[in-house]
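For the numbers below, each heavy atom of this structure counts, side chains included, while hydrogens, waters and symmetry mates do not.
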Amino acid sequence: MLKEKTYQNYLKILKEELVPAMGCTEPIALAYGAARAREVLGKEPERITARCSGNIIKNVRCVTIPNSGGLTGIAASVVLGAVAGDASRNMEVLEGVTDQGRARAKELLDAEVCGVELLTSPVPLHFVIEMSAGEDTVSLEIKYDHINVTRIVKNGEVLLDKDNADQQPEEADRTLLNLEDIREFADTVKLEDVKPLLESQIRCNMEIAREGMTGKYGLGIDRIIRESYSDDMLTRMRSLTAAASEARMGGCDMPVIINSGSGNQGIACSVPLIVYAQEMRLPEYSLYRALVFSNLLTVYQKLYIGKLSAFCGAVSASCAAGAAITYMVGGDLERIKKTIENTLANIPGIICDGAKISCAAKIAASLDAAFLAHHLAMNNQSYAPYTGILQEETSETISCVGLIGKEGMKETDREILKIMLEH
């Protein structure tokens, strides 16, 4: 039986992770940081410098900012947040941007008030926004998480310093996550404890999936998938999930419920299950418990990889979705483990070369692999331990993949950034 401490901790993880966000989370984080800095400055900035880690630069460069009128890039994210953002909205900071705000942001961008610099940092998710107006200056730092402001300095006075241990907020302990307890929690959680979170995830992520199917974003990948493959369950799962990602990366201003700081991961670990449950006419409770399982398994995998790296997060989220389908149809723990191992034996090498509309294609490919892994597992087939990076225990395999993503791919990350910045 699951301990009460573990139960409450897992519930807290879900509440911390499953939050709404508009657009790609990295430009939104910059807009949030700029909006917070503007509040501290107390006036419109005359000059801004955004100093960003390589992973922030990589993930902001190619995506369209929601509610921006089609703008892209770091400077646009920062300036729009500074002049028109509402920091009280957190990851929906740009939800209320008006035509007036967009026009003023464009004026400041044309005047080149915002400079961008590379921040050399061992923390992948790390940036500093510096603003000035007249004699007043503000420096605001965010690291580790998208809206985790760790330091604020105004006119030389330190207003906040979270590196001081007594100012650190108490978060749920993610190190308590393990596959066995995730499965038991999904089996036993009181649905009234998670239903509001999951209903929001279902509503938001399916609404943006349907919006993505209008063909207004990117390449219209959902139509290509539906027209090019047989009309079956996998095609419908892949097309809808990819459509949601393509809309989000293409500047759609509809929110998604994120996971591990990523909208694409929130989409990939939820939409396939929703489609599967609807197609198979499974009861509501079955979908809810599978979503709990999938969300926590995604967080568990990302615990080893980190928020940002050269490892594509669609792999982790799709792996979780495949395992959750096995769980949803009554697969035992051994078959769930086989689904995870079969997925990670197949696609652990997909790189993250920044957020962009082609993330939708990576999600579609990852779901293909995860669904194959599910079918192999349900036929009691899996790759043997020590086949490549697979280990004796599934938990060891997950940690090894995480080690590759977090440590082994650091040089890959640097080369990706170098290639991107050369053009």
Side-chain angles (χ1 to χ4, degrees), residues 21 23-34 37 48-65 71-81 91 114-131 139-151 162-163 245 248-249 258 260-265 301-317 348-359 362 401-423:
C24 179
T25 48
E26 281 70 53
I28 293 299
L30 288 172
Y32 170 82
I48 310 173
T49 300
R51 300 169 54 225
C52 305
S53 64
N55 272 272
I56 294 292
I57 292 174
K58 185 177 75 171
N59 277 2
V60 177
R61 187 170 180 257
C62 299
V63 289
T64 303
I65 304 159
L71 298 175
T72 61
I74 291 172
S77 303
V78 171
V79 171
L80 191 63
M91 293 297 284
C114 182
V116 178
E117 298 176 2
L118 176 63
L119 174 67
T120 302
S121 171
V123 181
L125 199 167
H126 192 181
F127 62 90
V128 179
I129 305 292
E130 297 169 346
M131 291 184 178
S139 174
L140 181 143
E141 179 181 50
I142 287 179
K143 59 182 177 180
Y144 304 119
D145 204 354
H146 291 81
I147 57 173
N148 183 40
V149 179
T150 55
R151 185 174 174 85
K162 276 191 184 177
D163 286 332
S245 172
R248 177 175 168 269
M249 297 288 95
I258 65 176
S260 302
S262 165
N264 277 338
Q265 287 162 204
Q301 292 176 85
K302 292 293 291 185
L303 174 66
Y304 296 100
I305 299 169
K307 297 282 185 183
L308 300 175
S309 77
F311 186 94
C312 178
V315 172
S316 304
I350 298 179
I351 64 167
C352 173
D353 52 341
K356 58 211 172 309
I357 59 170
S358 64
C359 291
K362 294 184 181 184
V401 170
L403 186 64
I404 291 168
K406 187 173 184 177
E407 300 297 336
M409 297 181 77
K410 281 183 176 179
E411 186 59 36
T412 302
D413 217 15
R414 285 189 284 268
E415 289 300 318
I416 291 169
L417 183 63
K418 179 181 175 183
I419 290 167
M420 292 177 70
L421 293 180
E422 284 177 349
H423 300 284

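Around NZ of K307, the count of heavy atoms belonging to other residues, nucleotides or ligands within 6.0 Å exceeds 12.
The salt bridge (charged side-chain N to carboxylate O under 4.0 Å, His left out) test applied to E415 returns no partner, not counting sequence neighbours. Shown here are the side chain to side chain contact (heavy atoms under 4.5 Å, CB included) partners of L118, two or more places apart in sequence or in another chain: I57, L417. Judged as a side-chain hydrogen bond (donor to acceptor under 3.5 Å, both in side chains), and not counting sequence neighbours, the contacts of E26 are N59, H146. Taking the salt bridge (charged side-chain N to carboxylate O under 4.0 Å, His left out) definition, one finds that D353 meets it with K356, K362, sequence neighbours left out. K58 is linked by a salt bridge (charged side-chain N to carboxylate O under 4.0 Å, His left out) to D413, counting only residues two or more places apart in sequence or in another chain.
Without hydrogens or angle criteria, R248 side chain to G23 main chain gives a donor-acceptor distance under 3.5 Å. In this structure, the side chain of R61 engages the main chain of M420 through a donor-acceptor pair within 3.5 Å. Within the 3.5 Å criterion, the main-chain N or O of S262 finds no donor-acceptor partner in the side chain of S260. Although no hydrogens or angles enter the test, the distance criterion places no donor-acceptor pair under 3.5 Å between the side chain of T150 and the main chain of K162. No side-chain donor-acceptor contact under 3.5 Å links S316 to the backbone of K302.
How far CZ of R51 is from OG1 of T49: 8.5 Å, rounded to the nearest 0.5 Å.
Across all non-hydrogen atoms, the minimal contact from A75 to V116 is N-CG2, 4.2 Å.
Only one option out of N55, I142, V60 pairs with F127 in a side-chain contact (heavy atoms from CB on, under 4.5 Å); it is I142.
Screening residues 118-127 for side chain to side chain donor-acceptor pair (under 3.5 Å), with sequence neighbours left out, gives S121-H126, H126-E141.
Side chains of V401 and Y304 form no contact here, defined as non-hydrogen atoms less than 4.5 Å apart.
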ask   = Are V128 and R151 close enough, and set up right, to give a side-chain contact (heavy atoms from CB on, under 4.5 Å), and what steps lead you there?
value = CA-CA 9 Å; V128 179; R151 185 174 174 85; over 6 Å; no
